[in-house]
Q: 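Submitted below is the structure of interest, expressed as structure tokens.
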Amino acid sequence: MSVLVIAEHDNAQLKAVTLNACAAAKAINDDVHLLVIGTNCGPVVEAASKIAGIQKVLLAEASYYEHQLAEELAPLIASLADQYTHVLAAATSNGKNVLPRAAALHDCQLISEIIKIVDEQTFCRPIYAGNVIATVKSLDSVKFLSIRPTAFDALAADGGSAVVESIGALDALSLSVFDSQTLAKSDRPDLSAADIVVSGGRGLQSSENFELLYTLADKLQAAVGASRAAVDAGFVANDLQVGQTGKVVAPELYIAIGISGAIQHLAGMKESKVIVAINKDEDAPIFQVSDYGLVADLFDVLPELSEKLS
Amino acid sequence: MKILVPVKRVVDYNVKVRPSSDGSNVDLTNVKMSINPFCEIAVEEAVRIKEAGNADEIIVLSIGPSKAQEQLRSSMALGADRAVLIETEEALEPLAVAKCIKAIVDKEQVDLIILGKQSIDGDNNQTGQMLAALCGYAQATFASELAVGEGSVRVTREIDGGLETLELKLPAVVTTDLRLNEPRYAALPNIMKAKKKPLEIIALAELGVDTAARTQLLSVAAPEERKAGVKVASVDELLDKLKNEAKVIS
Ligand SMILES: Cc1cc2nc3c(=O)[nH]c(=O)nc-3n(C[C@H](O)[C@H](O)[C@H](O)COP(=O)(O)OP(=O)(O)OC[C@H]3O[C@@H](n4cnc5c(N)ncnc54)[C@H](O)[C@@H]3O)c2cc1C
Ligand SMILES: Nc1ncnc2c1ncn2[C@@H]1O[C@H](COP(=O)(O)O)[C@@H](O)[C@H]1O
């Protein structure tokens, strides 16, 4: 039997995290199917079928699948689950929204945010804000897993030629109605996928001061992140929050500026390859996880850094 | 409208949890326990809905040990009207918890269930979605805004890249994100009053729900610790290290 992966997309584009989820699936079984649920999602299907090593792409289209509503997607996923040993999705806000609902419909206990596959029924996942790693064995007939994208290297986006099979949509339940969406437009790299992340905290003091950080980020072609304190204070948008309850990132280089290093923040960035901290308090806990620490006032250092990178 | 808020007793968010010496589970002896922060936000939201005249009653529910009565009392001090404890010393999985909550939903005929998005001990982020599935209700996870309408609620959700607004038919399930509200502090008179509010205790076995474990915890371990690195004295030294030692910028 094969492994099923739920594709993450917006009908126009297949999201890169899908490649990480597929990689986790391949680590379980070579025979991987990708399920695309959407509406008019031709480009997504095309990209899906090119992923290296995917055997089959299943496609279910209906107008009411457009906004990826959990009430509509979950029954379809649950109805297919019996044909698979495992059902996987990336632990994004979408995956976290849909997969538990599908698992419950199938009377299965999802294992969330796994970071390692020990064998086909045993998995590792962080708990308690990443202070502890649990090794968990699933006793369920079908194993539902959400995977932490940063823990699995992506499959190649091309080289494959999977067959595409259309499957029927299920009837709409219409329990919820999509009203609107506001997506932040940014020319910077995506936080979850960037090689370099520059994050700011309460130390930045205002949204105006974040301009200093944006200048540095642009010099480094980096994505911008933030601590919860900076988001709560309204300095930046909520989707930039890095941490236990925000995004988990693991770039090549993470620069934390004016961030103290609370465990909830560390949970989202301590897997980064190289960590730099800039903080005026030499005892700030962030220095305990930093490869390079600079004890200094960020308002002196940020302009100097940006200038010297020119 | 009747609102149900499931609240969980968890390790306080300030505690740094460690594995027990035999690595079989985490060591929770003598650590401070609190109400899960996301559940506190859920209680606060329910209280605000009631204060705005849009709800008649708020029930808080916990599935857990006898001591979870503390968290139920603090929830009532924040403004919940009564509490139910489904008592068990076992730590149940989200699917089992969702089944227990559903039993109370059916019994109490509630219109809106507000849960936290995530418990900060297990970091599961599942129970609300599972409950919505079992009940066949609409769901909105990661709420940062909630408005009650006629037979519906309007919820703005935090999603990757921004915000999304949904209209849910009632009954519905909503899970809270950090930005939904800032919970109040309970005033002393309210803490006193909460001691007299009704708290019903039901033994888990009485509920007749299948809570058999679907997973087995094999072991827990501390993650690989990062070593603290070096302090650099200047921006020039930092850039030099990043270019020539770490080779992460060019
Ligand atoms: C349930 C829950 C979930 C949470 N989830 C998250 C999460 O996902 N992500 C997250 O980040 N937090 C999260 N938190 C919050 C977390 O506990 C901390 O409160 C938060 O991370 C602190 O943010 P901060 O470091 O920006 O602010 P602070 O802790 O206030 O630190 C500010 C730092 O800036 C430094 N500073 C100030 N001025 C300057 C200057 N001029 N130059 C240099 N340095 C300066 C200070 O020395 C200080 O170290 C959560 C908390 C709870 C309870
Ligand atoms: N044992 C429990 N008792 C009451 N509510 C719970 C319990 N476990 C989880 N919940 C609810 O479900 C939410 C999400 O928890 P979880 O799915 O474990 O991350 C929590 O914030 C609570 O609202």
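The structure presented is a predicted model; accordingly, all values stated were derived computationally and were not measured. Numbered from 1 within each chain, the chains take letters A, B, ... in sequence-line order.
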Q: Could you tell me whether A:Asp107 and B:Arg214 have a side-chain N and a carboxylate O separated by less than 4.0 Å?
A: yes

Q: Would you kindly say whether B:Gln126 and A:Ser112 are connected by a side-chain donor-acceptor distance under 3.5 Å?
A: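 Their side chains do contain a donor-acceptor pair, which is all the 3.5 Å distance test asks for.
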
Q: Which one of B:Ala132, B:Ala222, B:Pro19, B:Ala140 has the most heavy-atom pairs closer than 4.5 Å to chain A?
A: B:Ala132

Q: How long is the gap from CG on B:Leu168 to CD on A:Glu71, to the nearest 0.5 Å?
A: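 Spacing of CG (B:Leu168) from CD (A:Glu71) equals 7.0 Å.
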
Q: Taking all heavy atoms of A:Ile263 and all of B:Tyr13, pick out the closest pair and write down the distance.
A: CD1-O, 3.7 Å

Q: Among B:Ala233, B:Ala133, B:Gly128, which residue has the highest count of heavy-atom pairs closer than 4.5 Å to chain A?
A: B:Ala133

Q: Return the OG1 to CG distance between B:Thr215 and A:Leu139, rounded to the nearest 0.5 Å.
A: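 One gets 6.5 Å once the value is rounded to the nearest 0.5 Å.
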
Q: Shorter than 4.5 Å, heavy atoms on both sides: which option in B:Lys241, B:Arg226, B:Gln216, B:Gln129 has the most such pairs with chain A?
A: B:Arg226

Q: When you measure from the side chain of A:Gln109 to the backbone N and O of B:Leu95, does any donor-acceptor pair fall under 3.5 Å?
A: yes

Q: Return the OG to CG distance between A:Ser146 and B:Asn125, rounded to the nearest 0.5 Å.
A: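 Here the rounded value is 8.5 Å.
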
Q: For B:Ile159, is it the side chain, the backbone, both or neither that has a heavy atom under 4.5 Å from a heavy atom of chain A?
A: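 Both backbone and side chain of B:Ile159 come within 4.5 Å of chain A.
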
Q: Report which part of B:Val230 has an atom under 4.5 Å of a heavy atom belonging to chain A: side chain, backbone, both, or neither.
A: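 Its backbone and side chain both get close to chain A.
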
Q: Determine, step by step, whether B:Asp123 and A:Glu113 satisfy the side-chain contact (heavy atoms from CB on, under 4.5 Å) criterion, reporting the C-alpha distance in whole Å, the side-chain angles of both residues, the deciding distance to 0.1 Å, and the verdict.
A: CA-CA 9 Å; B:Asp123 284 333; A:Glu113 294 234 12; over 6 Å; no

Q: Answer whether the closest heavy-atom distance between the side chains of A:Lys96 and B:Thr141 falls below 4.5 Å.
A: no

Q: Apply side-chain contact (heavy atoms from CB on, under 4.5 Å) to residues B:Glu158 and A:Asp239 and explain how you reach the verdict.
A: CA-CA 7 Å; B:Glu158 298 197 3; A:Asp239 63 300; over 6 Å; no

Q: For each of B:Leu217, B:Leu178, B:Leu170, tally heavy-atom pairs with chain A at distances under 4.5 Å, and name the one with the top tally.
A: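 Looking at each of B:Leu217, B:Leu178, B:Leu170 in turn, B:Leu178 comes out on top.
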
Q: Is A:Cys108 in contact with chain B via its backbone, its side chain, both, or neither, using a 4.5 Å heavy-atom distance?
A: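 For A:Cys108, the backbone is the part near chain B, not the side chain.
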
Q: Could you walk me through whether A:Asn238 and B:Phe142 pass side-chain contact (heavy atoms from CB on, under 4.5 Å), step by step?
A: CA-CA 11 Å; A:Asn238 54 265; B:Phe142 326 143; over 6 Å; no

Q: Below 4.5 Å from any heavy atom of chain A, which atoms of B:Ser234 appear? Answer side chain, backbone, both or neither.
A: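 Interface part for B:Ser234: backbone (N, CA, C, O).
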
Q: Pick from B:Leu238, B:Val153, B:Val17, B:Val220: which one has the most heavy-atom pairs with chain A under 4.5 Å?
A: B:Val17

Q: I want to check something: taking the side chain as every heavy atom from C-beta on, are A:Leu309 and B:Leu239 in contact at a cut-off of under 4.5 Å?
A: yes

Q: Looking at CG of A:Leu253 and CD1 of B:Ile249, how far apart are the two atoms once the value is rounded to the nearest 0.5 Å?
A: 7.0 Å

Q: Rounded to the nearest 0.5 Å, what's the gap from CG on A:Asn97 to CD on B:Glu164? Could you check?
A: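 Taking CG in A:Asn97 and CD in B:Glu164, the distance rounds to 8.0 Å.
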
Q: Please flag which part of A:Leu191 lies under 4.5 Å from any non-hydrogen atom of chain B: side chain, backbone, both or neither.
A: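 Neither part; nothing is under 4.5 Å.
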
Q: Drop me the distance from A:Ile133's CD1 to B:Ser219's OG, to the nearest 0.5 angstrom.
A: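 That separation rounds to 10.5 Å.
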
Q: If you tally heavy-atom pairs under 4.5 Å against chain A, which of B:Gly136, B:Ala138, B:Gly23 wins?
A: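 Among B:Gly136, B:Ala138, B:Gly23, the one with the most close pairs to chain A is B:Ala138.
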
Q: Walk me through whether B:Val15 and A:Asn131 qualify under side-chain contact (heavy atoms from CB on, under 4.5 Å).
A: CA-CA 10 Å; B:Val15 175; A:Asn131 282 317; over 6 Å; no

Q: Under 4.5 Å heavy-atom distance to chain B, tell me which part of A:Ala74 shows up: side chain, backbone, both or neither.
A: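 For A:Ala74, there is no contact with chain B at all, as no heavy atom is under 4.5 Å.
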
Q: So for B:Lys99, is it side chain, backbone, both, or neither that comes closer than 4.5 Å to the heavy atoms of chain A?
A: side chain

Q: Looking at B:Asp160 and A:Lys247, does any basic side-chain N land under 4.0 Å from a carboxylate oxygen?
A: yes

Q: Side chain, backbone, both or neither: which part of B:Gln139 has a heavy atom under 4.5 Å from chain A?
A: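 Its backbone and side chain both get close to chain A.
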
Q: Taking the side chain as everything from C-beta on, heavy atoms only, tell me whether A:Gln181 gets closer than 4.5 Å to B:Arg157.
A: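 A:Gln181 vs B:Arg157: side chains apart.
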
Q: A:Val118 versus chain B, heavy atoms under 4.5 Å apart: side chain, backbone, both or neither?
A: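 Neither part.
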
